[in-house]
Amino acid sequence: MEHNSPSTLSDLPSTSIAPTETQTIPPASSSPPPGSVTLWSKVSEGLTNFFYVTSERLRPTNVPGANMQGPISFLGGVSYPTFTDPAFLSDFQSRPWMTYRKDYPPIQDSSYTSDAAWGCMLRTGQMMLASTLLVHKLGRDWRLAWDDKDTRSWSSYRKITGLFLDAPSAPYSIHRIAAAGTQYGKKIGEWFGPSTIAHVLKKLVMEEKECPLTIHVATDGVIYIDVVTAECLQRDQSWKSVLILLPLMLGLEGMNPVYHQALKACFTFKQCVGIAGGKPNSSYFFVGTADESVLYLDPHIMRPAVDIKDVESSTKNDFSSYHCETVRTIPLISLDPSLVLGFYCRDRADFDSLCVTAQEVAKASTPIFSIEKREPEFQDRDVDVISDNDDF
């Protein structure tokens, strides 16, 4: 496939941060009143953390019926012959992996110091955005190398990953995401659905003035070319890179099999940066397909929050827990119908290519979203900014 070259846009903002161990989801316990830390709340949180630490040892690498053979369609339209291909393993292990964490500073207006049992969609949203920023800054061909002598790449990687650390000062921390969710009807400690995480990420990116891209949330499963163009075309007629998020509901009780082919086709798009979705009560970050199975990164693993006081002086060991060596798969048939697609377009040509490819796929299979030239005049895109009822 053809890869985009790294961008030369201004560096992403650096950030000073906080909180660091290893785990994975009983029912979320109710949040105590803001500011109150009861003995029961601490015991409950401790039991939840213990559950995820111990259950990690029992989690299978793939669900029965899932394919672990290949070939593989991976993020950005990259293909690999097998799961043991060294090039595939290097690519997979380079993708950012955000999981449940514990022992970080309490999230504002709550006593939560862990997101176990409720933060899976928040974490998959972080993976989606972090993956996009890495592709934007370092290019799709970038691979993680702990002995890398390329100080420029390491510096960019470190800054991007630092934006997601578990501290109130990090722009895309669990603290900021959970707090932003309250503006969409979500309490701290409550699961997000696909629409909520999409709009929350857009809000946080808009607030981060130095962020080199914008986010467009496509509602009702439609990408309107004129709307995206208006959001990306700047005063000097240059194009601002965009992450297009498409929250979808592809069925009722379960995903309708008629959509499987189109969903798999998404990973053949060079603009694809992943899918946040899962099975009932669990959100995963899907990064590829193999036959009738999908590959995913699992956020339901508990780890201690990483305590980095100064990202600029951080070491490679500080970020080792942000990458996964275990490839997991799950059959398409078992997926929840509620999910959000992510497509990154570096420039106008990239966006045009996405539209053409999507229209071609729509001719060959039941489409899961559509492309339209213009938004209807009666459409009010602010109306459906939720809260959604499709929480995982």
Side-chain angles (χ1 to χ4, degrees), residues 73 75 120-122 124-125 127-129 131-132 184 186 191-202 215-225 227-228 242-269 271-289 292 294-296 330-345 351 354-355 357-372 375-376 379 381-392:
S73 293
L75 297 174
C120 53
M121 180 54 90
L122 287 72
T124 52
M127 286 188 256
M128 179 88 75
L129 181 55
S131 296
T132 303
Y184 299 97
K186 298 297 182 182
W191 284 317
F192 280 18
S195 290
T196 301
I197 191 61
H199 286 284
V200 164
L201 291 178
K202 177 174 182 174
I215 288 182
H216 171 75
V217 180
T219 59
D220 300 322
V222 183
I223 295 177
Y224 293 107
I225 295 175
V227 174
V228 176
V242 60
L243 169 59
I244 298 175
L245 298 178
L246 273 145
L248 300 172
M249 178 69 81
L250 302 179
L252 297 176
E253 297 300 320
M255 182 178 293
N256 192 322
V258 302
Y259 297 122
H260 287 181
Q261 197 62 35
L263 191 68
K264 291 191 299 180
C266 288
F267 290 101
T268 67
F269 293 25
Q271 297 85 1
C272 180
V273 288
I275 299 174
K279 59 182 183 178
N281 298 324
S282 298
S283 175
Y284 300 133
F285 185 55
F286 299 119
V287 295
T289 63
E292 295 302 311
V294 286
L295 290 63
Y296 67 94
I330 186 174
L332 269 168
I333 194 67
S334 64
L335 297 189
D336 190 272
S338 192
L339 46 78
V340 56
L341 311 181
F343 298 105
Y344 164 71
C345 300
F351 176 62
L354 170 66
C355 294
T357 304
Q359 290 169 331
E360 291 174 349
V361 168
K363 296 176 183 177
S365 58
T366 303
I368 55 178
F369 67 92
S370 61
I371 307 292
E372 300 292 342
E375 179 185 36
Q379 179 98 355
R381 285 176 289 113
D382 293 329
V383 168
D384 73 344
V385 180
I386 41 225
S387 174
D388 45 4
N389 295 316
D390 53 346
D391 293 335
F392 295 159

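Since the model is a prediction, treat every value here as computed from it, not as a measurement. All heavy atoms count here, side chains included; hydrogens, waters and symmetry mates do not.
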From the list Leu339, Asp336, Ile368, Ile333, side-chain contact (heavy atoms from CB on, under 4.5 Å) with Met255 holds only for Leu339
If you look at every heavy atom in Gly125 and Leu201, which pair is closest and at what distance? O-CD1, 3.6 Å
Output the distance between atom SG (Cys120) and atom OH (Tyr284), rounded to the nearest 0.5 Å. 8.5 Å
Within a strict 4.5 Å, meaning less than it, do heavy atoms of the Leu341 and Leu263 side chains meet? yes
Would Ile215 and Leu243 satisfy side-chain contact (heavy atoms from CB on, under 4.5 Å), going step by step from the backbone distance to the final call? CA-CA 5 Å; Ile215 288 182; Leu243 169 59; 4.0 Å; yes
Please determine whether side-chain contact (heavy atoms from CB on, under 4.5 Å) holds for the pair Phe267 and Leu75, giving the CA-CA distance in whole Å, both sets of side-chain angles, and the decisive distance to 0.1 Å. CA-CA 6 Å; Phe267 290 101; Leu75 297 174; 4.1 Å; yes
Kindly determine whether Thr196 and Trp191 satisfy side-chain contact (heavy atoms from CB on, under 4.5 Å), including the steps that lead there. CA-CA 9 Å; Thr196 301; Trp191 284 317; over 6 Å; no
With rounding to the nearest 0.5 angstrom, report the SG to CZ distance, Cys272 to Phe286. 12.0 Å
If you look at every heavy atom in Leu248 and Gly221, which pair is closest and at what distance? CD2-CA, 3.7 Å
Between Leu245 and Met128, is there a side-chain heavy-atom distance shorter than 4.5 Å? yes
Closest non-hydrogen atoms of Pro367 and Tyr259, given as atom of the first, atom of the second and distance, are O-CE2, 3.6 Å
Rounded to the nearest 0.5 Å, what separates atom CE in Met121 from atom OG in Ser338? 6.5 Å
N/O donor-acceptor pair under 3.5 Å between Ser283 side chain and Gly277 backbone: yes
Please give me the minimum heavy-atom distance between Ala218 and Leu246, naming the atom from each residue. CB-CD2, 3.5 Å
For Phe343 and Cys266, the nearest pair of non-hydrogen atoms, with its separation, is CZ-SG, 4.1 Å
Determine whether Val217 and Pro247 make a side-chain contact, defined as any pair of heavy atoms from C-beta on separated by less than 4.5 Å. yes
Please round to the nearest 0.5 Å and tell me the distance separating atom CD1 of Ile197 and atom NZ of Lys202. 14.5 Å
Gap between atom CD1 of Ile223 and atom CZ of Phe369 - 0.5 Å precision: 5.0 Å
What distance do Ser334 atom OG and Glu292 atom CD have between them, rounded to the nearest 0.5 Å? 11.5 Å
Exactly one of Thr124, Leu335, Ile275, Ile330 should register a side-chain contact (heavy atoms from CB on, under 4.5 Å) with Tyr296. Which one does? Ile330
Side-chain touch Leu354/Ile244, heavy atoms, less than 4.5 angstrom: yes
